[in-house]
Visitor: 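Got a structure here, written out as structure tokens. Questions coming.
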Amino acid sequence: MQINTIQTTPHPGQKPGTSGLRAKTKQFQTPNYLENFVQSVFEATGGMVGKSLTLGGDGRFYNREACQIILKMAAANGAAKVYVGQNGLLSTPAASAVIRELKTDGGMILSASHNPGGLDGDFGIKYNVPAGGPAPESITGAIHALSEKIVTYKIIEADDIDLTEIGTQMLGDMVVEVIDPVAIYEDLMAALFDFEAIRALFDSGFSMCFDAMNAITGPYAKRIIEGTLGAPVGTVVNGEPLPDFGGLHPDPNPVYAKPLMDLMMGPDAPDLGAASDGDGDRNMIVGRGQFVTPSDSLAILAANAHLAPGYKDGINGIARSMPTSRAADRVAKKLGIEMHETPTGWKFFGTLLDAGRVTICGEESAGTGSDHVREKDGLWAVLLWLNVLAVRRCSVVDVVHGHWQEYGRDYYTRHDYEAVDKDIADAIISGIRDRLDKLAGASFNGLGVEKALDFRYEDPIDGSVAEHQGLQVYFDNGSRCVIRLSGTGTSGATIRVYLERFEDDPEQMGYDTQDAVGPLIEAMEELAQIKEWTGRKKPDVIT
Ligand code: G16
């Protein structure tokens, strides 16, 4: 085996963001860009000698080439074995399940998640730790530091591995096992959910549309929902993973999953609509004529989880990212269990899950999951909804409205301003941050500010601290606004404004969300003046 040590120079800025390193595909294709990062990961995690790795991605453009490069680099760095999904495919939650089940020394996931793919789209890579979750900031910081001073990387000279056939091959001295990307994941789902009850639900004529958005969840949803659970063929649409997602933006929200939304709001709507994103960790749930906000979905799933066999003894606790609505907090209170508020980024749930302090986690950005893996899991959320509906035998609307009657309704929306000039975005945030101490007592659009905070998180398990995780403005009528910059975009800056209003008067729960939070939108604009700064008349995306 010929190991080559290649001279290289740093590509500045290889700093993993909210979830791994994301950049334009063309940037990933520039000489040594991927290689530098991979070598930095290997070294930041103590080297690869004798270790095993899980490898796979969401099938986007450059996925296969990147797999071959990483395999050859792992072999050159002395790895003993790499498990790689057939054709280089693994959804993010399935990769987490494989890392945990096969006890590999971590994994590499190739994805830019919900960002568009293709030659002109985005690519990404993420390192997950042996527990199966995204690397914490201590490791991503070390990776970044090494990438800033890298001078060489190692790669073997060898032909590409055949990733199309399941089985074992050698790459130099390293074993490569090509695995079925679905099997381990499906077994895990079968252990958590009452597949018999869900099969009976479909047998009774229950109808569903699952939009896989031409992304990775297609093969998983087809095999599990149409295969094992017996839903009619055609239940899963856009079920073939395509390198450019068919030109779609694989983000399951009402804007980018518009055909599904139109179906669900129309006269021929099936009982349940669902969608998942590029790498399969996000989900969208829609009932007939009823979109379920991710924050509500988290609260509803937490309140009903005991209906599924995997959670029949109850849940230990719930965690949500800070900008996620506080609907789940009321469920935790009623159940008498722990509730945690963490910064945006699934990686912040890892310590709580590992310590058994929480069972279910969720985020406003369409992510929900549990302690079965260490990633959010789109299909898991859909299967839990199916399990709940199979037991309760009522409509999604009944479940949602019943939940509101019991716990109150959190009107919730997120307004995104995308590809904003970075300096302007920074000026907007620092402009508010500088005034934060003086905001309590002030009023905007007639709404009084109760308190305003720059979110700081101290991890209750390992004591690590994350500062400046978003600005929170609490109003004295119980409403809240949060503003922060996205950590996943690849063009300029994305400003996210999160708006929520709690309502416990049953007579006041039927409004359109944008109308219900209208005064809050005005208040936030008066405070942040985003339109003035950016020259935009409205947000680019409202979810
Ligand atoms: C990632 C993270 C999530 C986060 C989301 C949005 O999701 O894993 O925890 O909520 O990005 O982050 P931001 O607001 O910083 O853009 P994914 O699905 O992209 O991996």
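Both counts, for ligands and for their atoms, begin at 1 and track the order of listing.
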Visitor: Side chains of Thr494 and Ser486: donor-acceptor distance under 3.5 Å anywhere?
Guide: no

Visitor: Does Glu364, backbone or side chain, put an N or O under 3.5 Å from an N or O of ligand 1?
Guide: no

Visitor: Within a distance under 4.0 Å of any heavy atom of Gly487, pick out the atoms of ligand 1 and give their elements.
Guide: 13 (P), 15 (O), 16 (O)

Visitor: With sequence neighbours left out, what residues match Asp105 under salt bridge (charged side-chain N to carboxylate O under 4.0 Å, His left out)?
Guide: none

Visitor: Say whether, by atom type as modelled, one donor and one acceptor occur between the side chain of Asp454 and the main chain of Arg433 under 3.5 angstrom.
Guide: no

Visitor: Gly345 near ligand 1, heavy-atom distance under 4.0 Å?
Guide: yes

Visitor: For residues Val286 and Met264, report the shortest heavy-atom separation together with the two atoms involved.
Guide: O-CE, 3.4 Å

Visitor: For the 3.5 Å polar cut-off, considering only N or O atoms, please tell me whether Trp346 and ligand 1 meet it.
Guide: yes

Visitor: Using a 4.0 Å heavy-atom cut-off, which part of Asp279 comes near ligand 1: side chain, backbone, both, or neither?
Guide: neither

Visitor: Heavy atom of Lys347 under 4.0 Å from ligand 1?
Guide: no

Visitor: Starting from atom 8 (O) of ligand 1, which protein heavy atom do you reach first, and at what distance in Å?
Guide: Lys376 NZ, 2.9 Å

Visitor: Checking a contact table here: which protein heavy atom is nearest atom 10 (O) of ligand 1, and how many Å away?
Guide: Ser365 OG, 2.7 Å

Visitor: Just need the protein heavy atom nearest to atom 5 (C) of ligand 1, so name the residue and atom and give the distance.
Guide: Arg282 NH2, 3.4 Å

Visitor: So which atom in Cys481 and which in Leu520 form the shortest heavy-atom distance, rounded to 0.1 Å?
Guide: SG-CG, 3.7 Å

Visitor: Around atom 20 (O) of ligand 1, find the nearest protein heavy atom and jot down its residue, atom name and distance.
Guide: Arg22 NH2, 3.0 Å

Visitor: Report, in ascending order of atom number, the atoms of ligand 1 lying under 4.0 Å from any heavy atom of Arg484.
Guide: 13 (P), 14 (O), 15 (O)

Visitor: What atoms of ligand 1 come within less than 4.0 Å of a heavy atom belonging to Arg496?
Guide: 13 (P), 14 (O), 16 (O)

Visitor: Closer than 4.0 Å to some heavy atom of Asp281 - which atoms of ligand 1 meet that?
Guide: 18 (O), 20 (O)

Visitor: Would you mind checking which non-hydrogen protein atom is closest to atom 17 (P) of ligand 1, with the distance to 0.1 Å?
Guide: Ser113 OG, 3.1 Å

Visitor: Give me the atom names and distance for the closest heavy-atom approach of Asp277 to Pro252.
Guide: CB-CD, 3.3 Å

Visitor: Should Lys126 be listed as contacting ligand 1, given a heavy-atom distance under 4.0 Å as the test?
Guide: no

Visitor: Looking only at distances, can you tell me whether any N or O atom of Leu485, backbone or side chain, sits closer than 3.5 Å to an N or O atom of ligand 1?
Guide: no

Visitor: Identify the heavy atoms of Arg100 and Ala131 that sit nearest to each other, and give their distance.
Guide: NH1-O, 2.7 Å

Visitor: Give the minimum heavy-atom separation between Ala221 and Leu379, together with the two atoms involved.
Guide: N-CD2, 4.0 Å

Visitor: Does Arg414 come within less than 4.0 Å of ligand 1, judged by its heavy atoms?
Guide: no

Visitor: Going by atom types alone, do Tyr498 and Arg480 pair a side-chain donor with an acceptor below 3.5 Å?
Guide: no

Visitor: We want to know whether Arg374 and Ser96 form a side-chain donor-acceptor pair, criterion being a heavy-atom distance below 3.5 angstrom.
Guide: no

Visitor: Specify the protein heavy atom at minimum distance from atom 11 (O) of ligand 1: its residue, its atom name, and the distance to 0.1 Å.
Guide: Thr488 CG2, 3.3 Å

Visitor: Can the ring centres of Tyr185 and Tyr220 be said to be less than 6.0 Å apart?
Guide: yes

Visitor: If you compare all heavy atoms of Phe455 against all heavy atoms of Glu341, which two are closest, and at what distance to 0.1 Å?
Guide: CZ-O, 3.6 Å

Visitor: To the nearest 0.1 Å, how far is atom 9 (O) of ligand 1 from its closest protein heavy atom, and which atom is that?
Guide: Glu363 OE1, 2.6 Å

